[in-house]
Amino acid sequence: MARKKIALIGSGQIGGVFVQLAAARELADIVLFDILEGVPQGKALDIMEASPAAGHDIHVQGTNRYEDIEGSDLVIVTAGLARKPGMSRDDLVTTNSRIMRSAAVAIRENAPDAHVIVISNPLDVMVTLCHRITGFPKNRVMGMAGILDSARFAAFVAMELQVSVKDVHTLVLGGHGDDMVPLIRYANVNGIPVMYLLEKKYGAEKAMEVMSEIVKRTRYAGGEIVGLLKTGSAFYSPATSAMAMAEAILKDQKRVLPVCALLEGEYGVNGYFAGVPCVVGANGVEQIIELELNREERTMFDESVSHVKAMVDNLSL
Ligand code: TXD
């Protein structure tokens, strides 16, 4: 059986880390595309030259020609500007929308049967554009943000409780913005509610204060890294989060993952993308799982989605 084929549209910080992670897993042959001449070719050659030491037998090609993504099973879009200090994700919309329009047309023309994972920001808007312009069915176009945001939430919980990250499970829903919705009620350490463990450690009142700080840090985690790096945004954690989605699709893993998916009535939302728990497998977004949200969670979710709606409704196609 021929190896699967992944195309990266955008060979920058996230694209480069993703390729190394995918090569280490021998997940698929990979085509790295970028408009910068030399960058995709150089990174591809570097990964190929690492292969004897790394022990991975996959082929990685760098290109500036969209034609070379032909027949990809999976396309991952990271093309676009990243934030600089002081910028919001929304500040990227004009430039990255133009980039997404060209990328989506190229995907439609060269990889018409591919699944597409969009990473570029503002994520919820970019995945909407990609879906509209490719015309692909909703199960084959998805955005990566919820896994990253949930991982950040879990990392901060693990740091606070000093437990293994392997045992911390969290969910963040809604848009990939500062109003994202970390679900405190669902946060657990191998089934033990995080709030129970925080209350044991601090008592009820301080436990809520500690959790509020964790939620706040989760919401602003992207900006925290942009402020530290000054030259761009996070790339290890986004690339690793996208890998979970890519692997779930290419290995038909039926993972339950927070994914930016097109809602058509679920959660009371119709015709907009938002981060919700999904079953991800060979057919992409195979199922959307509807949670029972309490009043506070529903209010936060609706507020987060209304921000996405405002951005999307301002788009021309
Ligand atoms: O969780 C999430 N979804 C976010 C996504 C997490 C972190 C970063 N997020 C966004 O991903 C970020 O705000 C950016 O919009 C994208 C990519 O971030 P990255 O850090 O990889 O940016 P780079 O290093 O600038 O890489 C972008 C590449 C760069 O090599 C450009 O030359 C290329 O995109 N680029 C293009 N490629 C193809 N086609 C066009 N038109 C194009 N324009 C730029």
Side-chain angles (χ1 to χ4, degrees), residues 1-80 82 99-100 102-120 130 134 136 139-144 147-148 235-255 257 280-284:
M1 179 189 292
R3 272 196 294 265
K4 298 286 188 182
K5 180 176 178 179
I6 297 175
L8 264 294
I9 310 293
S11 309
Q13 296 279 60
I14 294 176
V17 173
F18 182 91
V19 168
Q20 188 168 29
L21 293 171
R25 288 164 170 76
E26 296 188 309
L27 190 59
D29 289 338
I30 302 165
V31 173
L32 266 175
F33 171 89
D34 205 292
I35 52 167
L36 291 180
E37 291 193 11
V39 168
Q41 293 88 349
K43 290 191 175 183
L45 188 56
D46 195 5
I47 292 280
M48 289 299 285
E49 291 169 9
S51 60
H56 47 67
D57 279 314
I58 57 137
H59 185 262
V60 185
Q61 172 196 358
T63 184
N64 303 116
R65 294 169 5 104
Y66 267 124
E67 294 79 4
D68 292 328
I69 75 170
E70 192 272 331
S72 295
D73 300 283
L74 175 63
V75 178
I76 297 175
V77 185
T78 75
I99 293 169
M100 178 55 80
S102 60
V105 168
I107 295 166
R108 184 182 66 208
E109 291 173 353
N110 295 285
D113 300 321
H115 287 90
V116 186
I117 297 174
V118 174
I119 296 181
S120 309
C130 186
T134 57
F136 288 179
N139 64 297
R140 288 206 276 127
V141 182
M142 62 205 84
M144 186 298 290
I147 298 175
L148 170 61
F235 48 94
Y236 295 118
S237 49
T240 308
S241 302
M243 177 52 62
M245 295 170 74
E247 205 159 22
I249 294 168
L250 295 183
K251 294 182 179 177
D252 193 19
Q253 291 179 330
K254 309 301 187 199
R255 292 284 309 272
L257 299 168
V280 181
N283 291 317

What are the two closest heavy atoms between [X] and [Y], and how far apart are they?
| X | Y | result |
| --- | --- | --- |
| I117 | A246 | CD1-N, 3.8 Å |
| Q41 | G38 | OE1-N, 2.9 Å |
| V116 | L74 | N-CD1, 4.5 Å |
| A114 | S72 | CB-O, 3.3 Å |
| M100 | V118 | CE-CG1, 3.7 Å |

Sorted by chain and number, sequence neighbours left out, side chain to side chain donor-acceptor pair (under 3.5 Å) with D29 holds for R3
Hits for side chain to side chain donor-acceptor pair (under 3.5 Å) against R108, two or more places apart or cross-chain, chain-then-number order -> none
Using a cut-off of 6.0 Å, state whether more than 12 heavy atoms not belonging to Q253 lie near its atom CD.
-> yes
Going by the rule side-chain contact (heavy atoms from CB on, under 4.5 Å), which residues pair with [X] if we only count those two or more places apart in sequence or in a different chain?
| X | value |
| --- | --- |
| A22 | F18, L27, I30, M243 |
| E67 | R65, N110 |
| L45 | E49 |
| R140 | H115, F136, P137 |

Sequence neighbours excluded, the answer for salt bridge (charged side-chain N to carboxylate O under 4.0 Å, His left out) partners of K254 is D252, E286
Side-chain donor/acceptor pairs under 3.5 Å, residues 50-58, sequence neighbours excluded:
{"residue": "S51", "atom": "OG", "partner": "M48", "partner atom": "O", "Å": "2.5"}

Donor-acceptor pairs are to be reported for all side-chain atoms of residues 4-15 against protein atoms at under 3.5 Å, with residues two or more places apart or in another chain.
{"residue": "K5", "atom": "NZ", "partner": "D68", "partner atom": "O", "Å": "3.0"}
{"residue": "K5", "atom": "NZ", "partner": "E70", "partner atom": "O", "Å": "2.7"}
{"residue": "S11", "atom": "OG", "partner": "F33", "partner atom": "O", "Å": "2.9"}

Residue pair I107 / V77, side-chain heavy-atom distance below 4.5 Å = yes
Gap separating the CD atom of Q61 from the CG atom of L32, nearest 0.5 angstrom | 9.0 Å
Which residue pairs satisfy the salt bridge (charged side-chain N to carboxylate O under 4.0 Å, His left out) criterion with at least one member in residues 36-46, sequence neighbours excluded?
-> none
Any pair counted as side chain to side chain donor-acceptor pair (under 3.5 Å), so long as it reaches residues 235-250, sequence neighbours left out | R25-E247, E247-K251
Okay, side chain of S120, backbone of A79: is any donor-acceptor separation there less than 3.5 Å?
-> yes
D34 side chain vs T63 backbone, donor-acceptor pair below 3.5 Å | no
